[in-house]
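Reading through the C-alpha cells given below for one structure.
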Amino acid sequence: MEVNQYLEMFIEESKEHLQACSEHLLELEKNPDDLAIVGEIFRSAHTLKGMSATMGYEDLADLTHKMENVLDAIRNEKIHVSPEILDVVFESVDHLEEMVMDIANGGDGKRDVSSTVAQLKRIESGEEAVTEVVATTIDTPSVASVLEYDSFEQTVITQSAEQGFNAFEISVRLREDCLLKAARVFMVFEILEKDGDVIKSSPTVEKLEDEQFDQQFYVAFVTKESAEDMQKKLMKVSEVDEVIVANINQEKFSEKEYEAHKEVAATATLEEVATPAPTPVPAKSATPVKAEKSHAPVGNKTIRVNIERLDILMNLFEELVIDRGRLQSIATEVNHGELNETVERMSRVMGDLQTIILTMRMVPVETVFNRFPKMIRQLSRDLNKKINLDIIGAETELDRTVIDEIGDPLVHLIRNSVDHGIENPTARRAKGKPEEGTVVLRAYHSGNYVFIEIEDDGAGINRDKVLAKAISKGIVTQEQSFSMSDKQINELILASGFSTADVISDVSGRGVGLDVVKTTIESLGGNISIESTQDVGSIFSIQLPLTLSIISVMLVEIEKEIYAIPLSSIIETSIIRSSDIMNAHNQKVIDFRGKVVPLVFLEEIFEVPRKELQDDEFHSVVIVRKGEKLAGLVVDSFIGQQEIVLKSLGNYLTNIFAISGATILGNGKVALIVDCNALIK
C-alpha cells in the first residue's frame, strides 16, 4: 500500500493528537478523579497508534500502545492517577512528539525509549512508578524488563541459555560527582567484553560515548561467570556507585499481546489517517453517537491547505498589487472618465481580495501558546517553584510567517520570567506574597499590530544591579547612567551579552541575555519594551505587524531616487530650517518637541550622487523611532503614502546596510525600503 501521499496529513494530525494529549493531561493533573478526561486522552492515543501502525512507524505505535494500556487501566479504575504516573505519561508524550518531529524532518521516528516503556509496563502491572533502580541486592527483579529485545536478540539470549551461558541485565550507576563518565563506561565495557558478550545497552553505545545519559545505564550480557562475580568485578571500577545484576526474564519473550494489536492496526484502512475530524471516536467508546454527529458540519466546512499554496497565491496577488499601482498611474496621466471609474472599482475589489488572502494566512497564536503550560509545569519542578500560567487572548491571529518566527523568543522570555522573575516560595512568603507565582501570557490586536505581553508578579528588575553590570561591561558610562530613566535602565538587559544571572543555567539562556530575542523581533518589523517595578513584577511587551508581505510606507525622494520608509516606524514628518540644525558631539541634531533628535542624511548613507550641490534653507525630515529612541531622516521631498509589496533583494544582495528590501512602483521603477532600526543607534 502506498502511504507516502498521506505522510503530510499523518504528521499534522499526529501533532494535533499529541497537543490534545498534553492539554488533557494538564487538566487531569488538576482533576485526577475525572475519568472523562482520561477517556479523551485514551481516544487521542488510540487514534495515533492506529495511524502510526498503518504508516509503518512501529516504534511510535509501540510506545503509544504501552501508554494506551496505562490509560485504559486508569479508565477502568484498575489503577489510580498519581503524580508519579502522570510524570511517566508526560515523558511518553514528549518522546512521541520528538518521534513525530524526526519523521517530519525526514527521519524514521526511532528513539531509545526502553526506560519509559519499562516504567509504563510497571505501572500497567500495578507496580509503583519509579524513576531509577534503588535496590541493592544482586538477585533483585527491579532491573528486569528495562531493556526491550528484538527477535534476533531474543534468539541469541535463548540459545546462549540452552548452551549453559548465564544471561544478565546489569544496571550500573556512576557517582553523582563523576567527571569522566565516558571513561568509566569504557572501563565497564572492557571488563564485560573479557568475560562474555554484550547483547544490548541502554542508552546506545554512541550515546554512552558522548555522555548523553545521567548517571545510570543498562547492559544485556551473556557470560559463563556468576552474577556475584560480575558484580564484584564491576564495582572495582573507580567512581561506580552501584552495580545490580539480575537474570533476564525470558518468559516475556513469549508474549504475543502486542503482536496481535499490530496485526489489527496494520489491517486498518487509511480512512482513519485521512479523516477530516481531528479525533474519531472508536466503536467501543462510551461517548454518545450524537456528540460525534454534532461536530460533523464543522468538519465539512474546513479543509487543509498546504502553506506553500497560500504562499503562491500571495505572490500572485502581490503581482496584482504592482499592476494596480501601474494602472492607477496610467489612469492619472490619461485622465479618462471610464478608465478612472474602472480602475477605482478594481482597486476596491482588490482591497477586499487582499483582506481575504491575508485572513487565510492568519493563524491563532494559540498554536504557539499551547506548548507553554507543559513547559511551565516542568520548570516549576526543576526550579522548585510554584507557578501558575494564565493565557489570555490565545484566539488572536497573526500571519503564519510571523507565527513561525515568534515561538523561540517567547520561550526565552517565559523561561527568563520563571528563572529570574518568580521567587521561590520561601522568598515570596517573606515578601508577603502568595507562595504561587503567576505568569500571564496575553495577546491582543491594536490597529495593524498584535501585542504579546509576558507579565509576572516576581522580583522585578534590580535597577542598581543592572546599572552596575552595564557599566562594568562598558554598555553605558557612569555619566550616562545619571540621566537614564527607569525604562531605559530596564531595557539595558536587552543589550548584547548582558546577563545578571549569578549562576549560568539551562533554564534562561545560559547567560546569553535577551539580545537574541530583541534581534529576532526587530527582524520581523516589531519592537520590545519592558516595564518593571522591583518586588512587584515585570511586563515584557512585544509589538508585531499583522503581516510582513504588504506594508504601508511613505515614499520619499533623494535627487532622482525614490525610497520607502515603513509607516510603522514614522512618528511624523516635518520641514525644518537649516538654522535650526545644531551640532552636539560631532553629530547634527535638532530640538524636536523638547527632545534632542539626531539627524541622519540619507544622501550620505546611501551615497546618492548629486548633479549640483544644494544649499536649501529648508529640509524635509521624517521623524522615526526605534523603541524610545528617535532620529530624523533628512530627504529632498515627500511623495506620499502608499501600500507596497515587500520583496527581498535575493541571495546576492544580503546584508545591505539600512535596506530591508525593495518594491516595484506603479511607474515600473524600483524603490528601496529603508530599515530604520539600522539607522538608529
Side-chain angles (χ1 to χ4, degrees), residues 15-16 19-20 22-23 26-27 307 310 355 357-380 387-422 437-458 487 490-491 493-494 508-509 514 516-532 536-552 566-569 627:
K15 288 178 181 177
E16 288 178 6
Q19 182 59 45
S22 296
E23 290 173 1
L26 290 167
E27 288 180 33
I307 188 65
L310 291 181
T355 303
I357 292 175
L358 292 178
T359 304
M360 285 168 62
R361 293 176 56 85
M362 292 294 182
V363 179
V365 291
E366 181 182 21
T367 56
V368 178
F369 286 6
N370 278 343
R371 73 174 81 167
F372 298 129
K374 191 164 71 169
M375 186 181 88
I376 289 287
R377 175 186 183 273
Q378 189 59 47
L379 288 175
S380 301
I387 303 165
N388 175 53
L389 176 67
D390 285 341
I391 294 178
I392 302 169
E395 70 284 353
T396 306
E397 292 185 326
L398 258 174
D399 190 280
R400 174 64 183 261
T401 50
V402 182
I403 286 283
D404 290 342
E405 298 292 332
I406 198 61
D408 288 342
L410 287 180
V411 167
H412 198 116
L413 287 172
I414 289 175
R415 284 175 172 268
N416 186 75
S417 289
V418 171
D419 192 14
H420 297 308
I422 303 293
T438 299
V439 176
V440 179
L441 184 57
R442 184 186 298 110
Y444 58 91
H445 281 125
S446 179
N448 288 324
Y449 295 94
V450 167
F451 287 83
I452 298 176
E453 295 178 349
I454 297 97
E455 180 178 357
D456 67 70
D457 64 348
K487 190 174 180 63
N490 291 340
E491 291 178 5
I493 68 173
L494 301 172
S508 59
L514 297 171
V516 177
V517 174
K518 181 184 178 187
T519 303
T520 304
I521 290 168
E522 287 182 352
S523 71
L524 295 171
N527 61 65
I528 178 171
S529 62
I530 305 168
E531 293 180 15
S532 182
V536 175
S538 304
I539 302 176
F540 291 79
S541 182
I542 300 169
Q543 178 184 347
L544 293 164
L546 282 175
T547 179
L548 303 179
S549 305
I550 298 175
I551 60 173
S552 295
L567 282 184
S568 58
S569 299

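Note that the structure is a prediction, hence the values are computed from the model and not measured.
One N or O on the side chain of Asp457 and one on the backbone of Thr438 form a donor-acceptor pair closer than 3.5 Å. Although no hydrogens or angles enter the test, the distance criterion places a donor-acceptor pair under 3.5 Å between the side chain of Asn370 and the main chain of Glu366. Under a 3.5 Å cut-off, the side chain of Thr396 and the backbone N or O of Ala443 do form a donor-acceptor pair.
The two residues His445 and Glu397 make their nearest non-hydrogen contact at NE2-O, 3.1 Å. When all heavy atoms are compared, the tightest approach of Thr520 to Pro409 is CG2-CG, 3.7 Å. Residues Pro373 and Leu26 share a closest heavy-atom pair of CB-CD1, 3.2 Å. Across all non-hydrogen atoms, the minimal contact from Phe451 to Ser541 is CD2-OG, 4.0 Å. The two residues Gln543 and Ile521 come nearest to each other via the heavy atoms O-CG2, 4.4 Å. Of all non-hydrogen atoms in Ser22 and Lys374, the two that sit nearest each other are OG-NZ, 3.3 Å.
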Derivation and outcome, side chain to side chain contact (heavy atoms under 4.5 Å, CB included), residues Met375 and Arg415: CA-CA 9 Å; Met375 186 181 88; Arg415 284 175 172 268; 4.1 Å; yes
Test side chain to side chain contact (heavy atoms under 4.5 Å, CB included) applied to Asn416 and Phe540, step by step: CA-CA 11 Å; Asn416 186 75; Phe540 291 79; 3.9 Å; yes
Step-by-step side chain to side chain contact (heavy atoms under 4.5 Å, CB included) determination, Val450 to Val402: CA-CA 10 Å; Val450 167; Val402 182; over 6 Å; no
Criterion side chain to side chain contact (heavy atoms under 4.5 Å, CB included) on Val368 and Leu398, from CA distance to verdict: CA-CA 11 Å; Val368 178; Leu398 258 174; over 6 Å; no
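Annotation: side chain of Ile392 is not in contact with side chain of Glu453 (no heavy-atom distance under 4.5 Å).
Leu389 contributes atom CG, which lies 10.5 Å from atom OG of Ser417 (distance to the nearest 0.5 angstrom). Once rounded to the nearest 0.5 Å, the distance linking CD1 of Ile406 with CG of Leu524 reads 6.0 Å. Here Ser569 contributes atom OG and Asn527 contributes atom CG; the two are 8.5 Å apart, rounded to the nearest 0.5 Å. Rounding to the nearest 0.5 Å places CD of Glu405 at 12.0 Å from CG of Leu410. To the nearest 0.5 Å, the span separating CD on Glu531 from CD on Glu455 amounts to 9.5 Å. Put simply, CZ on Arg442 and CD1 on Ile452 are 12.0 Å apart, with the number rounded to the nearest 0.5 Å.
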